[in-house]
Enquirer: 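Shown below is the structure under consideration.
What you see is a predicted model, and the numbers here were worked out from it, not measured in a lab.
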Number of protein chains: 2
Amino acid sequence: MSDELRRFKAEIFQALAHPTRIAVVEALRNGELSAGQLIEQLGLEQANASQHFTVLRSKSVVVSRKKGNQVFYSLRDPVLIEVLDILKRYFYAHLSQTMSMMKEIRMEKAVSKK
Amino acid sequence: MSDELRRFKAEIFQALAHPTRIAVVEALRNGELSAGQLIEQLGLEQANASQHFTVLRSKSVVVSRKKGNQVFYSLRDPVLIEVLDILKRYFYAHLSQTMSMMKEIRMEKAVSKK
DNA sequence: TGCGTATTTTCGAAATTTCGAATATACTGT
DNA sequence: ACAGTATATTCGAAATTTCGAAAATACGCA
């Protein structure tokens, strides 16, 4: 398989590799929302949210449309929702093992912060 | 949706957010391989490969089994192959736009290296 | 033009990721 | 116990990501 394709996949995964950005993608599941609506619904800090939007835009996970004062975001391709749904099933399929994995990850992070 | 689930998804995406790790996952598509086989097939540096294996193991993307001298890796759940295949279709569905996006990303990286 | 609202950009610090070099560990055969 | 092979870990430097604070930009309206 081509190197280019692998790099592309890595870029997409990287774009999705943050809980906030996943929340954004999921919020857009049912259609476009303005930046402000996303920020409000998800309880984000304004500047930080905008930076996450930039990441998603730069990898073309979302597209934006300007309407007067505001910017509306939507998913470029709903296939990414499919991916999230697959992972949801994956999460529950291995629930108990997943939970202990998540606990471990949290503990590692707690340690690194000291 | 739960915060925990979102964090989990982000962890998985993060685990896959590197071309080398994607190559590893794809190499395991048809069954387990030893660390050495992976390194040879993919032309990786030994220590670096081992570090990537650690990432994949820590997020339970792969599981390992020890057999004598060697360690055999396999995918925990083939559902992840599905995810990669979805992205492959996504790549080709938007091919021309994707290629120019990848070119832009390469240029940004080239700039940052100066 | 000037004001208010919506959004993005820039800056700097902290945390995380990535890599190669060197070292360590584990297992096998002698 | 020793040597050899397979794999993992540690270390330090460079690159990247993340965040909040502050500033900048864009648009609509008086």
Enquirer: At under 4.0 Å between heavy atoms, what does B:Y73 touch on the DNA or RNA strands: base, sugar-phosphate, or nothing?
Expert: sugar-phosphate
Enquirer: Which residues in residues 27-42 of chain A have a heavy atom closer than 4.0 Å to any atom of DNA chain D?
Expert: none
Enquirer: Spell out, yes or no, whether B:V55 and B:V25 are grouped together once hydrophobic residues are joined by side-chain heavy atoms under 4.5 Å, including indirect joins.
Expert: no
Enquirer: Rounded to whole angstrom units, what separation is found between the NZ atom of B:K109 and the C1' atom of C:dT17?
Expert: 12 Å
Enquirer: What is the separation between atom CD on A:E11 and atom P on D:dT17, rounded to the nearest whole Å?
Expert: 8 Å
Enquirer: Expressed as a whole number of angstroms, how long is the span from A:Q70:CD to C:dG4:P?
Expert: 19 Å
Enquirer: Considering only side-chain heavy atoms of B:N69, which listed nucleotide, D:dT18, C:dT18, D:dA6, is closest?
Expert: D:dA6
Enquirer: Rounded to the Å, how far apart are B:Q14 CD and C:dA15 P?
Expert: 17 Å
Enquirer: CZ of B:F13 versus P of D:dT17: gap in Å, rounded?
Expert: 17 Å
Enquirer: Does a side-chain N-to-carboxylate-O contact under 4.0 Å join A:R7 and A:D3?
Expert: yes
Enquirer: Tell me whether A:Q37 at atom CD has more than 12 heavy atoms from other residues, nucleotides or ligands lying less than 6.0 Å away.
Expert: yes
Enquirer: Within residues 47-65 of chain B, which residues have any heavy atom lying less than 4.0 Å from an atom of DNA chain C?
Expert: B:A47, B:N48, B:Q51, B:H52
Enquirer: Describe the nucleic acid contact of B:Q46 in one word from base, sugar-phosphate, nothing, applying a heavy-atom distance below 4.0 Å.
Expert: base
Enquirer: Between B:E26, B:H52, B:Q14, which is the residue that forms a side chain to side chain donor-acceptor pair (under 3.5 Å) with B:R21?
Expert: B:H52
Enquirer: For the pair A:R57 and B:E104, find out whether any cationic side-chain nitrogen is under 4.0 Å from an anionic carboxylate oxygen.
Expert: no
Enquirer: From B:L42 CG over to B:T20 OG1, what is the distance, rounded to the nearest 0.5 angstrom?
Expert: 8.0 Å
Enquirer: From the list C:dT7, D:dA8, C:dC19, which nucleotide is the closest neighbour of the side chain of B:H18?
Expert: C:dC19
Enquirer: Could you check whether any side-chain heavy atom of B:K88 comes within less than 4.5 Å of a side-chain heavy atom of A:L5, counting everything from C-beta outward?
Expert: yes
Enquirer: Using a strict 4.0 Å threshold on nitrogen-to-oxygen distance, state whether B:D85 and A:K9 make a salt bridge.
Expert: no
Enquirer: Could you check how far NZ of A:K67 sits from P of D:dG28, rounded to whole Å?
Expert: 10 Å
Enquirer: Return the 5'-most residue of the pair B:R21, B:K66 with respect to DNA chain C, ranking by each residue's nearest nucleotide.
Expert: B:R21
Enquirer: Report yes if some heavy atom in the side chain of B:F53 is under 4.5 Å from a heavy atom in the side chain of B:V62; otherwise report no.
Expert: no
